[in-house]
Peer 1: 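Below is one structure. I have some questions about it.
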Amino acid sequence: MNGEDLREALRREMDDATPPPPLSTAAALGAGRRAHSRRRAVRACAGSAAVLLAVVGFAALGAPRGDVYQPAGGPQAIPNPSASDTKKPWPAGPDGQPQEDRTARAGSKYDQGLRLLDEVVSVVPAGYTAPEDPANQPADQRTLRTHQAQFEDTVNGVDLWSYLTSVAVAQGQDTGRVVVEVHDAGNQLPSEPCALARQFWGMQGECQVETVGAAQVGVVVRSGADDRLDQWSAYRHPDGVVVFVAQGRKIAETQPELTKLPFSVPQLAALAVDERFHLK
């Protein structure tokens, strides 16, 4: 085909083709708005999905050590307005009003916890000291001598409490601690000595039964993987009061630890039976 034939063929094709509609500014703007709306909807759906995944995944967030983190009490349920109406109130404080939380900050229960602290200080053996926190140190920041009375549960209409005290014991700059925890009669802790000992703070270890007079005392003589404390004893008095006595070589990671524990195993067992810790 020569050039003239090609031009003639192109003209015929253009004459036969249907011309496009004239450009409409309004139509173009409408199409643009519709496309923008679709993009916004897609982004909103994607954001909602991300928020949902974040909320669902919170209960399985990895902690720095690799443990699985869960909020206290396990996965959180959607609040139920009627549930708060039936919540059991805390025990009455010394002013006759319900406490704000489990801890007693005044009254007879608080006094019991303070008494237990004094008794623990009194049994620190010769060769060790029981250092004190500075006099102006706020109570909630003390670490060398601490005590607490805590409401545990109501069983058969009776409020049950536990009392916990920790006392630093030192030789020179080396510092460990002695811990005593007492549970009111009526508690649901086991009676078998070693089963009882393994209930203390959920820690495990090598347990043996020590005889103190007529009493059988469970003593964990070697702790397992948990290194918060090294040894502890457990005894249930005939009236049901439970006493745990524990000792550890260290009180904090930043302080030098004791080279020798304050009490021998028989002494640790005897302390669990000691009437000074038998709070009633």
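Position 1 is the first residue of the sequence; numbering continues from there.
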Peer 1: Tell me whether Q112 contacts the main-chain N or O of K280 through its side chain, where contact means a donor paired with an acceptor under 3.5 Å.
Peer 2: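 Pair found, side chain donor or acceptor close to backbone of K280.
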
Peer 1: Where is the tightest heavy-atom contact between S166 and L117, given as atom of each residue plus distance?
Peer 2: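 Answer, listing the atom of S166 first, then L117: O-CD1, 4.4 Å.
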
Peer 1: Can you see which heavy atom on R236 is nearest to which on S191, and at what distance?
Peer 2: NE-OG, 3.6 Å

Peer 1: Going by the rule ring-ring contact (aromatic ring centres under 6.0 Å, His included), which residues pair with Y128 if we only count those two or more places apart in sequence or in a different chain?
Peer 2: none

Peer 1: What about L229 and V167, same hydrophobic cluster or not, with Ile/Leu/Val/Met/Phe/Trp/Tyr joined at side-chain heavy-atom distances under 4.5 Å?
Peer 2: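 Result: no, two separate clusters.
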
Peer 1: Among all residues two or more places apart in sequence or in another chain, which pass the ring-ring contact (aromatic ring centres under 6.0 Å, His included) test with H147?
Peer 2: Y110

Peer 1: side-chain contact (heavy atoms from CB on, under 4.5 Å) between L279 and V241: does it pass, once the steps are laid out?
Peer 2: CA-CA 8 Å; L279 301 182; V241 172; 5.6 Å; no

Peer 1: Take T103 and F151 through the test side-chain contact (heavy atoms from CB on, under 4.5 Å) and record every step on the way to the result.
Peer 2: CA-CA 6 Å; T103 304; F151 170 73; over 6 Å; no

Peer 1: Is the backbone N or O of A252 less than 3.5 Å from a side-chain atom of Q255, with the two atoms forming a donor-acceptor pair by type?
Peer 2: no

Peer 1: Looking at H278, is its backbone amide N or carbonyl O close enough to the side chain of E275 to form a donor-acceptor pair, meaning the two atoms are under 3.5 Å apart?
Peer 2: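 No: the side chain of E275 does not pair with the backbone of H278.
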
Peer 1: Distance check, rounded to the nearest 0.5 Å: E119 atom CD versus L114 atom CG?
Peer 2: 10.5 Å

Peer 1: Evaluate the criterion side-chain contact (heavy atoms from CB on, under 4.5 Å) for residue pair Q231 and V220; output intermediate values, then yes/no.
Peer 2: CA-CA 5 Å; Q231 294 179 336; V220 172; over 6 Å; no

Peer 1: For A197 and F244, work out which heavy atoms get closest and say how close.
Peer 2: CA-CE2, 4.3 Å

Peer 1: Measure across A168 and T175 and return the closest heavy-atom pair with its distance rounded to 0.1 Å.
Peer 2: CB-CG2, 4.0 Å

Peer 1: One pair to check against side chain to side chain donor-acceptor pair (under 3.5 Å): S223 and D230. What are the steps and the verdict?
Peer 2: CA-CA 6 Å; S223 65; D230 294 285; 4.9 Å; no

Peer 1: With clusters defined by side-chain heavy atoms of hydrophobic residues (ILVMFWY) lying less than 4.5 Å apart, directly or transitively, does V124 cluster with L116?
Peer 2: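 Yes, because L116 and V124 connect within a single hydrophobic cluster, where side-chain heavy atoms sit under 4.5 Å apart.
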
Peer 1: Using a 6.0 Å cut-off, check whether atom CG of D140 has over 12 heavy atoms from anything other than its own residue.
Peer 2: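 Yes, the 6.0 Å shell around CG holds more than 12 heavy atoms from other groups.
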
Peer 1: Before accepting this row, confirm whether a basic side-chain N of the pair R222/E206 lies closer than 4.0 Å to the acidic partner's carboxylate O.
Peer 2: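 Salt bridge between R222 and E206, a charged N being under 4.0 Å from a carboxylate O: yes.
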
Peer 1: What's the separation between atom CD in Q150 and atom CG in D101, rounded to the nearest 0.5 Å?
Peer 2: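 So the CD of Q150 and the CG of D101 are separated by 8.5 Å.
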
Peer 1: Less than 4.0 angstrom from a charged side-chain N to a carboxylate O is my criterion; do D174 and R249 meet it?
Peer 2: no

Peer 1: Check whether any side-chain heavy atom of V123 sits under 4.5 Å from a side-chain heavy atom of F277, and report yes or no.
Peer 2: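 Contact flag for V123/F277 side chains = yes.
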
Peer 1: Using side chain to side chain contact (heavy atoms under 4.5 Å, CB included) as the criterion, list what pairs up with V219, not counting sequence neighbours.
Peer 2: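 If we apply the side chain to side chain contact (heavy atoms under 4.5 Å, CB included) test to V219, skipping adjacent residues, the hits are E210, V217, V221, S233, V265, L268, A269.
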
Peer 1: Measuring from atom CD of E132 to atom CD of Q137, what distance do you get when rounded to the nearest 0.5 angstrom?
Peer 2: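 Here the rounded value is 12.5 Å.
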
Peer 1: Look at the side chain of D159 and the backbone N and O of D153, then say whether any donor-acceptor pair between them is shorter than 3.5 Å.
Peer 2: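 Side chain of D159 to backbone of D153: no pair is present.
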
Peer 1: Keeping the roles fixed (side chain from D226, backbone from M203), state whether a donor-acceptor pair exists under 3.5 Å.
Peer 2: no

Peer 1: Tell me whether Y235 is reachable from V179 by hopping between hydrophobic residues (I, L, V, M, F, W, Y) whose side-chain heavy atoms are closer than 4.5 Å.
Peer 2: no

Peer 1: Is it the case that S162 and E152 place a side-chain donor and acceptor less than 3.5 Å from each other?
Peer 2: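 S162 vs E152: donor-acceptor pair found between side chains.
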
Peer 1: Treating Ile, Leu, Val, Met, Phe, Trp and Tyr as nodes and any side-chain heavy-atom pair under 4.5 angstrom as an edge, say whether W161 and L164 lie in one connected cluster.
Peer 2: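 In one cluster with W161: L164, no.
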
Peer 1: Quick check: closest heavy atoms across N187 and G240, and the distance to 0.1 Å?
Peer 2: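 N187 and G240 have their closest heavy atoms at ND2-O, 3.1 Å.
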
Peer 1: With the side chain counted from C-beta on, respond yes when Q247 and W232 share a heavy-atom pair under 4.5 Å apart, and no when they do not.
Peer 2: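 They are not in contact (no side-chain heavy atoms under 4.5 Å apart), so the answer is no.
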
Peer 1: Are L196 and V242 close enough that some pair of their side-chain heavy atoms sits under 4.5 Å apart?
Peer 2: yes

Peer 1: Test side-chain contact (heavy atoms from CB on, under 4.5 Å) on R115 and Y163 and set out the steps.
Peer 2: CA-CA 10 Å; R115 172 194 156 197; Y163 308 89; over 6 Å; no

Peer 1: For V209 and P193, which heavy atoms make the closest approach, and how far apart are they?
Peer 2: CG2-CB, 4.2 Å

Peer 1: Under 6.0 Å from the CD atom of Q173, do we count more than 12 heavy atoms belonging to anything else shown?
Peer 2: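 No, because the 6.0 Å sphere around CD of Q173 holds 12 heavy atoms or fewer from other groups.
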
Peer 1: Can you check whether L160 reaches H183 side chain to side chain, under 4.5 Å on heavy atoms?
Peer 2: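 With C-beta onward as the side chain, the pair stays apart.
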
Peer 1: Compare all side-chain heavy atoms of V245 with those of E181 and state whether any distance is below 4.5 angstrom.
Peer 2: no

Peer 1: If hydrophobic clusters are built from ILVMFWY residues whose side chains come within less than 4.5 Å, do V212 and F263 share one?
Peer 2: yes

